[in-house]
Amino acid sequence: MSRHRYLPHTDADVAAMLERCGADTVDRLFEDIPEALRMKKPYELPGELSEPEVRRFFRTLDMRDEVLTCFAGGGFYDRYAPSVIASLMARSEFLTAYTPYQPEISQGTLQYIFEYQSMMCALTGLDVSNASLYDGATATAEAMMMCVAAARKRNRVLISATIAPYVLDVARTYARYHKVQLDVIPEKDGVTDRAAMQQMLSAGDVAGVILPSPNYWGILEDLTGFADDIHAARALMVINGHALALGVVKSPAEWGADIAVGDAQSLGMPLNFGGPYLGYMCVTKALMRKMPGRIVGATIDRKGQRVFVLTLQAREQHIRREKATSNICSNQGIMTLYAAMYCSVMGAEGIRRVNELSYGGAHYLARLLTEIPGVELVYPDKPFLNEFLVKFPSPEAADAAYYDAVDYGYLPGIRVGDDKLLIAVTEMRGTEEMDELAQIFAEAVNPGSTKGKEDSNE
């Protein structure tokens, strides 16, 4: 008999599985996990509770979380979401929808995926969008694999050092297990070193090049001429960026990219302490048969009605798993619905306005902070949208500024090295919050200044 109602394995089942794995005990099975990381105490779960007691229990847990005013970004941002989205998302036909394999009963799901794809194509300027990938990092890694698959005899891909570190880590993991040679293009003054890229391309063995815009430091890189260099070397150009920025910056298609990838969390999706997120991927028509994930198409049925169907699924792993070049077999369907609703409600003008507010706020805060003696922009001559990197006069000053801000209820950014902070501003931040953050920093860097944090509470 099973010892747990919802875990049906009997002792005999467990013993058989352990034998197959070559382990005589469960502890032996997990011996590769360092001892210091193993949980030694029982789970902190209460006994049986009534429904009101369960509600009180979870309210107590919720109260433990301290929600700070967020100035952190790095690719994930505290964005406004129109309230209508949550209301529509809660409808049962959306909330319970899973996989649209039967089009005759899945027209609603298929349509919102189709609409999402159409909107992403409009934002990127490219021909085809899939639906979808887990997050921006896996989308970028999948783009790397697409480059190798399209090149056939080349397995070397270049990636800029200015891309987000977590994206680079995921790409390296994919590369390691798929025997892809992933080389990093060095950065120069906060942007991709084009001369270094040209030198690396001259070897003639590169399948693709991955470039960010905006990059991890928030800089809008000028990619003029990059596509010419890359295509002349018979490689593919991939641009990584967060989706909301596509509403105002030069599109991947305008830069000459073959593939556009990134995270769509910026389309109003709540941070939720880490997800779920949504990886988008758009490509030129020539590459659509190399794409992972699903593609929904529109057609006409026997009655002449417009209908939606899944199409181009030859690469789905459940069909030809041993020949697939991708391990992606599912998608963030509910999140594509969220993105489609956000774009529909906001419209092109709303997306532009959100970017304008973020841009204005970021430049306002950057000006306030650089008025503090000893605080400076790391890349003062580079254009940025809503995120920038500041340097403090010492690691001690950076520590004081960061932790004082936390004490006053602010998450002031992402620590970079010992003395730098990556700061993001969105439409959610008001001038009062930015003024107070600047006052906290001023007092931390120059104790006793007239802009002290004590004054900010008066």
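It should be emphasised that the depicted structure is a prediction, and the values quoted were computed from it without experimental measurement.
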Response to the item:
In terms of heavy-atom contacts, Cys343 and Leu267 come closest through SG-CD1, 4.0 Å

Discussion item. I'd like to know if the side chain of Ser87 and the backbone of Ser83 have a donor-acceptor N/O pair within less than 3.5 Å.
Written reply: no

Discussion item. So does Gly274 get a backbone contact from the side chain of Asn272, meaning a donor-acceptor N/O pair under 3.5 Å?
Written reply: no

Practice prompt. Using distance alone, with no hydrogens and no angle criterion, decide if Thr224 and Asp222 have a side-chain donor and acceptor under 3.5 Å apart.
Written response: yes

Response to the item:
When rounded to the nearest 0.5 Å, the distance separating CG of Leu246 from OG of Ser213 is 8.5 Å

Worksheet item: How would you list, by chain and number, every residue that makes a ring pair (Phe, Tyr, Trp, His ring centres under 6.0 Å) with Phe388, sequence neighbours excluded?
Response: Phe384

Item to complete: Could I get the full list of ring pair (Phe, Tyr, Trp, His ring centres under 6.0 Å) partners for Phe308, not counting sequence neighbours?
Response: Phe114

Worksheet entry | Under 3.5 Å: donor-acceptor pair, side chain of Glu187, backbone of Val191 | no

Practice prompt. Apply the test side chain to side chain donor-acceptor pair (under 3.5 Å) to residues Asn386 and His363: give CA-CA distance (whole Å), side-chain angles for both, the deciding distance (0.1 Å), then the verdict.
Written response: CA-CA 8 Å; Asn386 73 302; His363 285 75; over 6 Å; no

Worksheet entry | Minimum heavy-atom distance between Ala139 and Met281, given as atom pair plus value | O-CE, 3.6 Å

Discussion item. Please evaluate residues Leu385 and Tyr359 with respect to the criterion side chain to side chain contact (heavy atoms under 4.5 Å, CB included), reporting the C-alpha separation (whole Å), side-chain torsions for both, the decisive distance (0.1 Å), and the verdict.
Written reply: CA-CA 5 Å; Leu385 182 60; Tyr359 175 92; 4.2 Å; yes

Worksheet item: Side chain of Asp399, backbone of Glu396: donor and acceptor closer than 3.5 Å?
Response: no

Discussion item. Pair Arg154, Asp205 - check salt bridge (Lys or Arg N to Asp or Glu O under 4.0 Å), show working.
Written reply: CA-CA 6 Å; Arg154 300 182 183 188; Asp205 60 350; over 6 Å; no

Fill in: Atom pair CD1 (Ile295) and CD1 (Ile113), whose distance is rounded to the nearest 0.5 Å
11.5 Å

Worksheet item: Given Asn240 and Ile163, is the side chain to side chain contact (heavy atoms under 4.5 Å, CB included) satisfied, shown in steps?
Response: CA-CA 8 Å; Asn240 169 289; Ile163 207 161; 4.0 Å; yes

Worksheet item: Do Leu211 and Leu223 have side chains that get closer than 4.5 Å, going by heavy atoms?
Response: yes

Item to complete: Verify the distance criterion only: is there a donor paired with an acceptor across the side chains of Asn155 and Gln181 at less than 3.5 Å?
Response: no

Practice prompt. Output, in order, the C-alpha distance, side-chain angles, deciding distance and verdict of side chain to side chain contact (heavy atoms under 4.5 Å, CB included) for Val206 and Val157.
Written response: CA-CA 6 Å; Val206 175; Val157 176; 5.9 Å; no

Discussion item. Measuring only between side-chain heavy atoms, which start at C-beta, is Leu88 closer than 4.5 Å to Met341?
Written reply: yes

Item to complete: Determine whether Asp263 and Tyr134 make a side-chain contact, defined as any pair of heavy atoms from C-beta on separated by less than 4.5 Å.
Response: no

Fill in: Leu421 side, atom CG; Ile414 side, atom CD1 - distance, nearest 0.5 Å
8.5 Å

Worksheet item: Checking Tyr166 side chain against Gly74 main chain: does a donor-acceptor pair fall under 3.5 Å?
Response: yes

Worksheet entry | Validation row: Asp24, Leu18 side chains within 4.5 angstrom (heavy atoms) | no

Worksheet item: So which heavy atom on Lys420 is nearest to which on Val378, and how close?
Response: CD-CG2, 4.0 Å

Discussion item. Please report the interatomic distance CG(Asp62) to CZ(Arg64), rounded to the nearest 0.5 Å.
Written reply: 11.0 Å

Worksheet item: So do Met119 and Ser344 actually touch side chain to side chain, heavy atoms under 4.5 Å?
Response: yes

Worksheet item: Of the non-hydrogen atoms in Ala243 and Ala264, which two are nearest, and what is the gap between them?
Response: CB-CA, 3.7 Å

Worksheet item: When you measure from the side chain of Ser129 to the backbone N and O of Cys121, does any donor-acceptor pair fall under 3.5 Å?
Response: no

Worksheet item: Do Tyr338 and Tyr277 have ring centroids that are under 6.0 Å from one another?
Response: no

Practice prompt. Only one of Cys282, Pro212, Pro252 passes side-chain contact (heavy atoms from CB on, under 4.5 Å) with Ile239; say which it is.
Written response: Pro252

Fill in: Side-chain touch Tyr174/Leu182, heavy atoms, less than 4.5 angstrom
no

Fill in: Distance (rounded to the nearest 0.5 Å) between Leu244 CG and Ile351 CD1
6.5 Å

Item to complete: Report the distance from atom CD of Gln107 to atom CZ of Arg306, rounding to the nearest 0.5 Å.
Response: 10.5 Å

Item to complete: Could you tell me whether a side-chain N or O of Asp127 sits under 3.5 Å from a main-chain N or O of Val283, the two making a donor and an acceptor?
Response: no

Discussion item. Would the distance check show the side chain of Asn130 and the main-chain N or O of Gly293 forming a donor-acceptor pair, the cut-off being under 3.5 Å?
Written reply: no

Discussion item. Test your reading of the model: is there a side-chain donor-acceptor pair from Glu142 to the backbone of Leu133, 3.5 Å cut-off?
Written reply: no

Fill in: Residues Leu278, Thr336; criterion side chain to side chain contact (heavy atoms under 4.5 Å, CB included); working and verdict
CA-CA 7 Å; Leu278 171 65; Thr336 63; 3.8 Å; yes

Discussion item. Taking Glu254's backbone N and O only, do any of them form a donor-acceptor pair with Ser251's side chain (distance below 3.5 Å, no angle check)?
Written reply: yes

Worksheet item: With distance as the sole criterion, is a donor-acceptor pair present between the side chains of Glu387 and Tyr77 under 3.5 Å?
Response: yes

Response to the item:
Nearest heavy-atom approach of Lys290 to Met146 is O-CG, 3.5 Å

Item to complete: Please confirm whether Lys382 makes a cation-pi placement over Trp217, using NZ or CZ under 6.0 Å from the six-membered ring centre and within 45° of the ring normal.
Response: no

Response to the item:
Between Leu411 and Leu68 the two heavy atoms that sit nearest each other are N-CB, 3.7 Å

Practice prompt. Determine, for Phe226 and Arg194, whether the Lys NZ or Arg CZ falls below 6.0 Å from the six-membered ring centre while staying within 45 degrees of the axis.
Written response: yes

Item to complete: Using distance alone, with no hydrogens and no angle criterion, decide if Ser358 and Asn355 have a side-chain donor and acceptor under 3.5 Å apart.
Response: no

Worksheet item: Between the side chains of Glu115 and Ser118, does any donor sit under 3.5 Å from an acceptor?
Response: no

